[in-house]
Amino acid sequence: MTTSLSLADARRIALAAQGFGARHPARVGTAQLRRTVDRLGLFQIDSVNVLTRAHYLPAFSRLGIYDRAALERDAWGPKSARRLFEYWAHEASLLPMSLHPLLRWRMAKAERGETGYGALRRFATERRAEADAVLARIVADGPLAAADFENGSSRSGWWEWSHTKHALEYLFWAGRITTATRRGSFARLYDLTERVIPADVLALPTPSETDAQRMLIERSARALGVATAADLRDYFRLKPAESDPAIASLVEEGVLAPVKVEGWSQKAWLHRDTVHARRIRGAALLAPFDPLVWERGRTERLFGFRYRIEIYVPQPLRTHGYYVLPFLLDEALVARVDLKADRQAGVLRAHKVTLEQNAPSDTRERLIIELERMAKWLGLEGVDVGQIVMSA
């Protein structure tokens, strides 16, 4: 039997599943931070630093002001204190250690040259000796960046990577090495996985590929609340052949139930532990890679909000700005804010604010509050708001 949901109910379910609607804690400690990353399943990593790097923003959007150093300790601190690891999940991501066993099937496929870019796959076969030589250097010398190898540095863009960088990324995909820490420029320092990941995590049983994919889909369903099959597989970048049997299995087990969402042409699925919130209240600026909005088609289905990041669009052709954050107000996306942390001047600059046609009358006031909160979090002294326009 298929349940019907109004679009408003689907939005509330999705927002509650993503951790919105609760008051910000008076003080954010490590426990709240860890619960947030566990709820979401991952923080997507992005190195663009015009505001702050994207992996810091989802926790701020849900919790308010917190110590970014706490996230860094969990991600790149001493081995005994590690709670997060880096791997390819949605994209490059920080993930809870509990997910390490669930991604070993992907590492094994990469090791065999069955996944990853074509240039990487060749290091599993005809260029394996080069990968082994890079690995031997790390074994002998400890953590190294690509630039530490002779001719190892690369220009911007993966298509211009050096052979050494390709070899390192192949070894990373294969799980042979991982990120020991990050340098000031945010360059990865690679080390042997067993020298970074705690031994008790590596000792966890490795589920079968089928079981791991089912558990990943279940995690996606919890994080999304209500989702189409495409939404569920996108969260951890699974293929239909990997996700469809997992969804069918979870439906048979009663973990997922089919639902029809108002206005959606696709069948959707509801996790059995989904919270049906009566209303969602709160305000948040969202990173371009926040899991609430990273799948642009889902964002349009849920919020009627067409969102595209314009970093790679030439400046004269941009509509909303360079680094634009959607502004969530209660249960709607009501504005887009082009932000920059002007660290030299000590100011958070909102170059342009574009209000949606349905933005409520108090949008500007509540946006200023969030901008001031963000400025304080980033250690900036003030906020400068430039042009405010209404969307066409």
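- The backbone N or O of Trp88 sits less than 3.5 Å from a side-chain atom of Arg106, completing a donor-acceptor pair.
- In summary, the aromatic rings of Tyr66 and Trp377 are positioned with their centroids under 6.0 Å apart.
- At a threshold of 4.5 Å between side-chain heavy atoms, the hydrophobic network of Ile, Leu, Val, Met, Phe, Trp and Tyr places Phe20 and Leu285 in two separate groups.
- There is no path of hydrophobic side-chain contacts, each under 4.5 Å, that joins Leu328 to Phe43.
- The main-chain N or O of Val324 is found under 3.5 Å from a side-chain atom of Tyr307 such that the two form a donor-acceptor pair.
- Nearest heavy-atom pair, Ile197 versus Met97, reported as atom, atom and distance to 0.1 Å: CD1-CE, 3.9 Å.
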Subject >> Working for salt bridge (Lys or Arg N to Asp or Glu O under 4.0 Å), residues Asp74 and Arg82 >> reply: CA-CA 5 Å; Asp74 276 3; Arg82 294 275 176 125; over 6 Å; no
**OP:** Would you sort out whether Asp132 and Arg137 count as a salt bridge (Lys or Arg N to Asp or Glu O under 4.0 Å), showing the intermediate values?
**Re:** CA-CA 9 Å; Asp132 288 343; Arg137 172 85 184 275; over 6 Å; no
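- Residues Asp234 and Trp294 form a side-chain contact, since some pair of their non-hydrogen atoms from C-beta on lies under 4.5 Å apart.
- For the pair Arg296 and Phe305, the cation-pi test (distance below 6.0 Å, angle within 45°) is failed.
- For Arg373 and Glu370, the salt-bridge test passes: some basic side-chain N is under 4.0 Å from an acidic carboxylate O.
- Applying the 6.0 Å contact sphere to NZ of Lys267 captures no more than 12 heavy atoms from other residues, nucleotides or ligands.
- When the options Val337, Leu325, Leu333 are evaluated for a side-chain contact (heavy atoms from CB on, under 4.5 Å) with Leu286, the one that passes is Leu333.
- The shortest distance between side-chain heavy atoms of Ile138 and Arg195 falls below 4.5 Å.
- For the pair Arg298 and Trp264, the minimum side-chain heavy-atom distance is below 4.5 Å.
- One finds no salt bridge joining Glu72 and Arg68 here, because no Lys/Arg side-chain nitrogen approaches an Asp/Glu carboxylate oxygen to under 4.0 Å.
- Using modelled atom types, one side-chain atom of Tyr87 and one backbone atom of Trp173 make a donor-acceptor pair closer than 3.5 Å.
- Atom CD of Gln357 has more than 12 heavy atoms from other residues, nucleotides or ligands within 6.0 Å.
- A donor-acceptor pair under 3.5 Å is formed between the side chain of Asp231 and the backbone N or O of Thr228.
- Here the closest heavy-atom approach between residue Asn358 and residue Ala332 is recorded as ND2-CB, 4.5 Å.
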**OP:** Check step by step if side-chain contact (heavy atoms from CB on, under 4.5 Å) holds for Asp330 and Arg279.
**Re:** CA-CA 8 Å; Asp330 299 331; Arg279 68 176 191 172; over 6 Å; no
**OP:** For Thr36 and Phe60, run side-chain contact (heavy atoms from CB on, under 4.5 Å): C-alpha distance rounded to whole Å, both residues' side-chain angles, the deciding distance at 0.1 Å, then the answer.
**Re:** CA-CA 10 Å; Thr36 298; Phe60 172 75; over 6 Å; no
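- Between the side chains of Glu130 and Tyr170, no donor-acceptor pair of N or O atoms lies under 3.5 Å.
- With hydrophobic clusters built from ILVMFWY side chains whose heavy atoms lie under 4.5 angstrom apart, Val139 shares a cluster with Leu171.
- The backbone N or O of Gly29 lies less than 3.5 Å from a partner atom in the side chain of Gln32, making a donor-acceptor pair.
- Nearest heavy atom pair, residue Ala341 against residue Leu51, reads CB-O, 3.5 Å.
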**OP:** Verify salt bridge (Lys or Arg N to Asp or Glu O under 4.0 Å) between Glu169 and Arg121, making sure each step is shown before the conclusion.
**Re:** CA-CA 10 Å; Glu169 285 301 306; Arg121 295 185 186 194; over 6 Å; no
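- For the pair Arg336 and Phe327, the cation-pi criterion (under 6.0 Å, within 45° of the ring axis) is not fulfilled.
- Side-chain atoms of Leu71 and Leu84, non-hydrogen and from C-beta on, do get closer than 4.5 Å to each other.
- Residue Leu250 comes nearest to Glu218 through the heavy atom pair CD1-N, 3.8 Å, listed as atom of the first residue, atom of the second, then distance.
- A salt bridge does not link Glu209 to Arg104: none of the charged side-chain nitrogens sits closer than 4.0 Å to a carboxylate oxygen.
- Looking at Arg62 and Gln18, their side chains do bring a donor and an acceptor atom within 3.5 Å of each other.
- Cluster membership for Leu63 and Leu292, using ILVMFWY side-chain heavy atoms within less than 4.5 angstrom, is not shared.
- For the residue pair Thr319 and Glu310, the shortest heavy atom distance occurs at N-OE2, 2.6 Å.
- Side chain of Ser249 to main chain of Pro245: no donor-acceptor pair is present (N/O by atom type, distance under 3.5 Å, no hydrogens or angles).
- Judged by distance alone, the side chain of Thr206 and the main-chain N or O of Pro101 form no donor-acceptor pair under 3.5 Å.
- The residue from Val385, Leu339, Ile368 that alone fulfils the side-chain contact (heavy atoms from CB on, under 4.5 Å) condition with Val353 is Val385.
- For Leu380 against Arg343, the heavy-atom pair with the smallest separation is CD2-CA, 4.2 Å.
- Residues Arg35 and Asp38 are not paired through a salt bridge, judged by the lack of any N-O separation under 4.0 Å between the basic side chain and the carboxylate.
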**OP:** Assess whether salt bridge (Lys or Arg N to Asp or Glu O under 4.0 Å) is satisfied between Glu242 and Lys109, documenting all intermediate values.
**Re:** CA-CA 13 Å; Glu242 297 163 344; Lys109 288 185 71 172; 3.5 Å; yes
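- Thr299 and Glu295 share no donor-acceptor pair across their side chains, judged by distance under 3.5 Å alone.
- Of the charged side-chain nitrogens involved, none lies within less than 4.0 Å of a carboxylate oxygen, so that Arg278 and Glu331 do not count as a salt-bridged pair.
- Crowding of Glu381 atom CD: a count of heavy atoms from other residues, nucleotides or ligands under 6.0 Å not exceeding 12.
- Under the 3.5 Å distance criterion, with hydrogens and angles disregarded, a donor-acceptor pair is assigned to the side chains of Thr179 and Glu86.
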**OP:** Please test Leu57 against Thr52 for side-chain contact (heavy atoms from CB on, under 4.5 Å), starting from the C-alpha separation and ending with a verdict.
**Re:** CA-CA 8 Å; Leu57 281 163; Thr52 188; 3.8 Å; yes
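- In this structure, the ring of Phe236 has its center no less than 6.0 angstrom from the ring center of His90.
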Subject >> Full working for side-chain contact (heavy atoms from CB on, under 4.5 Å) between Leu355 and Thr363 >> reply: CA-CA 8 Å; Leu355 302 174; Thr363 297; 3.8 Å; yes
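- Phe172 carries Arg188 over the face of its six-membered ring, with the cationic atom under 6.0 Å from the centre and within 45° of the normal.
- In this structure the side chain of Trp105 never reaches within 4.5 angstrom of the side chain of Ser208, judged on heavy atoms.
- Classification of Asp148 and Arg183 as a salt-bridged pair holds, one side-chain N sitting under 4.0 Å from a carboxylate O.
- Under the 4.5 Å side-chain criterion, counting only non-hydrogen atoms from C-beta, Leu232 is in contact with Leu224.
- For the pair Leu42/Tyr235, a side-chain contact is recorded, criterion being any heavy-atom separation below 4.5 Å from C-beta on.
- A 4.5 Å side-chain heavy-atom check between Pro207 and Met215 finds at least one atom pair inside the cut-off.
- Val50 and Ile45 fall within the same hydrophobic cluster, defined by Ile, Leu, Val, Met, Phe, Trp and Tyr side-chain heavy atoms under 4.5 Å apart, directly or through other members.
- When the salt bridge (charged side-chain N to carboxylate O under 4.0 Å, His left out) test is applied to Asp338, no partner is found at least two apart in sequence or on another chain.
- Under the 6.0 Å distance and 45° angle rule, Arg53 counts as a cation-pi partner of Phe186.
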